Number of protein chains: 2
Amino acid sequence: MTTLSDVAKEANVSKMTVSRVINHPEQVTPELRVIVEKAMEDLNYHPNSIAQALVNNRTNVVKFVTLEDIDTTEPYYINLLFGFARGLNTKQYAMQLVTDPSQIEKGRADGYLITGARNKDYDMFDKLDKPFVLFGENHRGYDFVDTDNQTAEKMATQYALDRLYKRIIFIGIDIKEPFEYSREAGYINTLQQHQLIPQIYRVSNHSHAAQDVIHEHFKGFKKDTCFVCASDRIAVGVVRQLQAEGARIPEDFGVIGFDGVFLDQVSNPKLTTIKQPIFKMGEMLASMLLQKIAQSGSPQGEVMLKPELIRRETTR
Amino acid sequence: MTTLSDVAKEANVSKMTVSRVINHPEQVTPELRVIVEKAMEDLNYHPNSIAQALVNNRTNVVKFVTLEDIDTTEPYYINLLFGFARGLNTKQYAMQLVTDPSQIEKGRADGYLITGARNKDYDMFDKLDKPFVLFGENHRGYDFVDTDNQTAEKMATQYALDRLYKRIIFIGIDIKEPFEYSREAGYINTLQQHQLIPQIYRVSNHSHAAQDVIHEHFKGFKKDTCFVCASDRIAVGVVRQLQAEGARIPEDFGVIGFDGVFLDQVSNPKLTTIKQPIFKMGEMLASMLLQKIAQSGSPQGEVMLKPELIRRETTR
DNA sequence: TTGTAGGCGTTATCAG
DNA sequence: CTGATAACGCCTACAA
């Protein structure tokens, strides 16, 4: 591996000049800069991030903390992870995956990405001594990235109306968290604009729970109803039970999911769904976190990315 | 952060003695060792892995390389990743995720875990200058961890016979890779033991491809047939088309999947499947790779983990 | 068995 | 604007 010294020799300057060309190029005369850059090029020099980390008291490692149980969660974490990784790679950062909250501050890291945070988890955050960002909206002032949940369900609801479904029913997740409130708000607002009355069922985020609800209330559902669901899991359950009841999809009943990762592709018929730009969210989170680290913890704000409605086979 | 020096002062010894207590405890007298250990304890000392990395010319980072397209792959990678991460955490290692093969040697790492390798990829491996291990069986002498694919399909086939299905048909993946050959071999061997004639269809690893094959040949399938499938995706397609043809599962037709991650849980009826210990494989891969790094590249051999047959609703 | 000196590759600081 | 020096925290080699 070529080092700073090698480049310095090659360019006939001191190590410091080379270092400056890398970190503070404006402090070096253009002529010298060109020479040094050529030397770096010729020797294929890349700074040793470990040595940099040592002097800067950095680790070049961040932790990816998952507070949710990954087994029961949608497989979209893989996309978030790879997006996050892509973002980290630009700065030669690496990550450690942590599922046990007590392990967060164990070992060394420059910062944390925290996913799956619920209300009960927030107390812990203020005690963290390193910068962190959240995946998932919150209203406590913590930096985060999320889908624009409200707009997403507005899109879904409006689309259902455009397709001339007369009644729109929301099947939500029975959890008191901001993302769920936002999704419901998007649905409610859109209905109100059209002077329609919201009708909401809330179930645990499993397909069979959704099946149960459809089974129980099926007689009350009239034709031309569209179910706007807060997750693909729920949507899959709704579709399945509607089929079991002999209902025709999408002619008489529509179903719209939420997530757009994997499940929508293997279901039959294929789900119309709200697709979140998860990979991109991962990338955003990485750049946000790295920036926050570089700026010694300064706030990065909130980022809400626009989702996309994927039209497939469960809406007419 | 407390350093080696702090501990040394506290214990009234030199830094080296402390260092030795950590790395070569046998070279230190028991009495001193106790004193130093107490000092480390009192000061809550943890070695700075970055400084260690610098002197040892290590990075404490390994790369997780995915040569497969993660979008089209089973969501089991998430479990592999978390298992791998668990294994790395024991040694304070971090990882970088890489999907672009040309990026493998970019930046720094002490070694690589390579997944999704196909025949065409092997040429590249010999050029790698860092230790690596593979996820997925191969017969070229590279260290790997995988499910025992052959035993797995033996179990599946034998189980189908035990459940008194008279004909067992294998629906494989149309790919010329060791894992597929091993799965087929497990099936074929078991049939031959019972003097039955193997019948194999091969399709691309998508549910609709499996659907097509079932649709096309359905008339040729008699009652009491069990389909042993090389993946859950295929199994899901088989189930779906059998249902579409009006066949009764599991009474007249059985279906057994392979993978046991996620898909089997959301399908309806729930899949009987071969569950791979993926998390554990991830952990194994990590310890194997770390050991290989520690032993400067010495071979670690092949590890085939026993899978488990999960009996659910698609077999009688 | 224990300690001293030096160096890993980089950067901040201060002098020129 | 550029360079010499020291320091980050640890470990190897050698000396006592």
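This structure is a prediction, so every number in the text was calculated from the model and none was measured. In the text below, chain A, chain B and the rest are named by the order of the sequence lines, each starting its count at 1.
- One finds no side-chain N or O of A/Tyr45 lying less than 4.0 angstrom from the OP1 or OP2 phosphate oxygen of C/dG9.
- A salt bridge between A/Glu26 and A/Arg20 is absent, with no side-chain N of the basic residue lying under 4.0 Å from a carboxylate O of the acidic one.
- Between B/Leu32 and B/Arg108, the residue whose closest nucleotide on DNA chain C is further toward the 5' end is B/Leu32.
- In this structure, CG of B/Leu4 is placed 13 Å from P of D/dC8, rounded to the nearest angstrom.
- Atom CG of B/Asp6 and atom P of D/dG9 are 8 Å apart (whole Å).
- Among the nucleotides C/dT10, C/dC8, D/dG3, the one closest to the side chain of B/Leu54 is C/dC8.
- Of all nucleotides listed (C/dC14, D/dG9, C/dT11), C/dT11 comes nearest to the side chain of A/Ser19.
- One can place CZ of B/Arg58 at 14 Å from C1' of D/dC10, the figure rounded to the nearest angstrom.
- If you measure from atom CE of A/Met16 to atom P of D/dG3, you get 10 Å, rounded to the nearest angstrom.
- Side-chain contact between B/Phe179 and B/Asn138 is absent, with no heavy-atom pair separated by less than 4.5 Å.
- For A/His24, a side-chain nitrogen or oxygen approaches OP1 or OP2 of C/dA12 to under 4.0 Å.
- For A/Thr3, counting side-chain heavy atoms from C-beta on, the closest listed nucleotide (D/dC10, C/dG9, D/dA13) is C/dG9.
- Looking at the side chain of B/Asn48, the nearest of the listed nucleotides C/dG9, C/dC14, D/dC10 is D/dC10.
- With DNA chain C read from its 5' end, the first of the two nearest nucleotides for B/Asn57 and B/Thr17 is the one closest to B/Thr17.
- Ring-centre distance between B/Phe125 and B/Tyr142: below the 6.0 Å cut-off.
- Salt bridge present: A/Lys292 and A/Asp143 bring a charged side-chain N and a carboxylate O closer than 4.0 Å.
- Summarising the geometry, the separation between NE2 on B/His46 and P on D/dG9 is reported as 16 Å, rounded to the nearest angstrom.
- Salt bridge annotation for B/Glu105-B/Lys127: absent, with no cationic side-chain nitrogen under 4.0 angstrom from a carboxylate oxygen.
- To the nearest angstrom, C1' of C/dG9 lies 13 Å from NZ of A/Lys9.
- Listed candidates were C/dT11, D/dG3, D/dG9. Nearest to the side chain of A/Lys15 is C/dT11.
- One can place CD1 of B/Ile50 at 17 Å from C1' of D/dA7, the figure rounded to the nearest angstrom.
- Ranked by how close their nearest DNA chain D nucleotide is to the 5' end, B/Val55 and B/Arg20 are led by B/Val55.
- For the pair B/Arg86 and B/Phe279, the cation-pi test (distance below 6.0 Å, angle within 45°) is failed.
- Under 4.0 angstrom from either OP1 or OP2 of D/dC11 there lies at least one side-chain N or O belonging to B/Gln52.
- Of the candidate nucleotides C/dG3, D/dT2, C/dG9, D/dT2 has the atom nearest to the side chain of A/Val28.
- Atom CG of B/Asn56 is separated from atom P of D/dC10 by 12 Å (rounded to the nearest Å).
- Listed nucleotides: D/dG9, D/dA4, C/dG3. Nearest to the side chain of A/Ser14: D/dA4.
- Residue contacts for B/Asn23: at a heavy-atom cut-off of 4.0 Å it reaches the sugar-phosphate backbone alone, with no base atom in range.
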